[in-house]
*Asks:* 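This is the structure I want to talk about, given as structure tokens.
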Amino acid sequence: MRLDIVTIFPEYLEPLNVSLVGKARARGDLDVRVHDLRAWTHDRHHTVDDTPYGGGPGMVMKPDPWGEALDAVLESGTAEGGAEGPGQPVQPVLVVPTPSGRPFTQELAVELSGKPWLVFTPARYEGIDRRVIDEYAERLDVREVSIGDYVLAGGEAPVLVMVEAVARLLPGVLGNAESHRDDSFAPGAMADLLEGPVYTKPPEWRGRDIPEVLVSGHHGKIARWRRDQALARTTAHRPDLIGRCGPEAFDKHDRATLEELGWRQGTDGRFWLSGEAVEE
Ligand code: JD2
């Protein structure tokens, strides 16, 4: 997979040299190219921003540097050949981080991990002149995405987040293809519950033991205990995930556990939280 990132802060993307993504690059499984947007400015001050039309606070990124940068990046890769076969023109998916984008989810990470080429445009200031997105949306698959409901100062941290989420799904990158099936939020994972606690050696630490069941060797009981822990944690931190599940997501023991956690089943089979069951 090829990734291009255009930014005024190339050094912000240094973490892409480390750990899972860094190793995937070193192996040649990932071709990451970081570009300095200011290379496509032509004035003495390498200006990338200007005041907003209509007034208001802050600055907006000028369309010209972005247009020249994106044209150059697209030009550099449109004859590489991908899933369509060798020599076929490959077009990237353009991923635009913005607080007003659609939520970046595990489902989108899975979809993007199947693409041969992604181009990211992390902006600063109040974002990029709208005409740039409209222009490339006529030629490319453009995804405006947000990594969560909080306001950052720019798109570089979201790019680090998204690249890590996508890269760990690439064949060979995690080392173990099985390892991501149970992820919280993986589509079709354990009914989309949060994961419960995990433990390792030593068996006693600062007077704290491991839950007995985990050393019992009883695989059925262990699976059931983990499921109950997942239901409890999801009730405490993300009750919305349980509320949105249909009744078929839960077996008889699940229903008993949910009832103990304060859930009641409505006439439509969905669960709702009665009273004050959420702790912490
Ligand atoms: C960004 C800014 C417009 C306010 C480029 C913020 C984001 N989940 C997320 N929160 N914030 C961002 C994000 C992404 C790109 C930019 N800013 C600052 N722009 C209004 C603040 C500029 C994502 N993804």
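In this text, all values refer to a predicted model and were calculated from it rather than measured experimentally. In listed order, ligands and their atoms are each counted from 1.
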*Asks:* Provide the closest heavy-atom pair for Ile8 versus Arg124 in the form atom of the first, atom of the second, distance.
*Replies:*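 Shortest heavy-atom contact: CD1-CG, 3.9 Å.
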*Asks:* Do any heavy atoms of Gly148 fall under 4.0 Å from ligand 1?
*Replies:*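 Yes; Gly148 lies near enough to ligand 1 that a heavy-atom distance drops under 4.0 Å.
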*Asks:* Quick one: does ligand 1 sit under 4.0 Å from the side chain of Pro158, the backbone, both or neither, non-hydrogen atoms only?
*Replies:*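 Side chain only.
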*Asks:* How far is atom 10 (N) of ligand 1 from the closest protein heavy atom, and which atom is that?
*Replies:*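 Nearest protein contact, heavy atoms only, for atom 10 (N) of ligand 1 is Tyr150 O, 2.7 Å.
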*Asks:* Have a look at ligand 1 and work out which part of Ala153, if any, has a heavy atom under 4.0 Å from it: side chain, backbone, both or neither.
*Replies:*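 Answer for Ala153: backbone.
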*Asks:* Can you tell me which residue and heavy atom of the protein come closest to atom 11 (N) of ligand 1, and the distance to 0.1 Å?
*Replies:*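 Its nearest protein heavy-atom neighbour is Leu152 N, 3.1 Å.
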*Asks:* Report yes if the side chains of Leu70 and Val132 come closer than 4.5 Å at any heavy-atom pair, otherwise no.
*Replies:*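 In short, these two side chains touch, coming nearer than 4.5 Å.
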*Asks:* Out of Pro103, Ser100, Pro99, whose heavy atom sits nearest atom 14 (C) of ligand 1?
*Replies:*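 Comparing heavy atoms across Pro103, Ser100, Pro99, the nearest one to atom 14 (C) of ligand 1 lies in Pro99.
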*Asks:* Is the closest heavy atom of Val145 to ligand 1 under 4.0 Å?
*Replies:*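 Per 4.0 Å heavy-atom rule, Val145 contacts ligand 1.
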*Asks:* Side chains of Asp64 and Trp40: any donor to acceptor distance under 3.5 Å?
*Replies:*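 Checked: Trp40/Asp64 side chains show no N/O donor-acceptor pair below 3.5 Å.
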*Asks:* In terms of atom number and element, which parts of ligand 1 are under 4.0 angstrom from non-hydrogen atoms of Tyr125?
*Replies:*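 Matching atoms, with element in brackets: 2 (C), 17 (N), 18 (C), 19 (N), 22 (C).
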*Asks:* Considering the heavy atoms of Pro97, write down every atom of ligand 1 situated less than 4.0 Å from one of them.
*Replies:*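 Result: 14 (C), 15 (C), 24 (N).
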*Asks:* Among all protein heavy atoms in this structure, tell me which lies nearest to atom 21 (C) of ligand 1, with the distance rounded to 0.1 Å.
*Replies:*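 Going by distance alone, atom 21 (C) of ligand 1 is nearest to Val151 CG1, 3.5 Å.
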*Asks:* State, yes or no, whether a side-chain contact exists between Leu74 and Leu140 at a heavy-atom distance under 4.5 Å.
*Replies:*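 They are in contact (side-chain heavy atoms under 4.5 Å apart), so the answer is yes.
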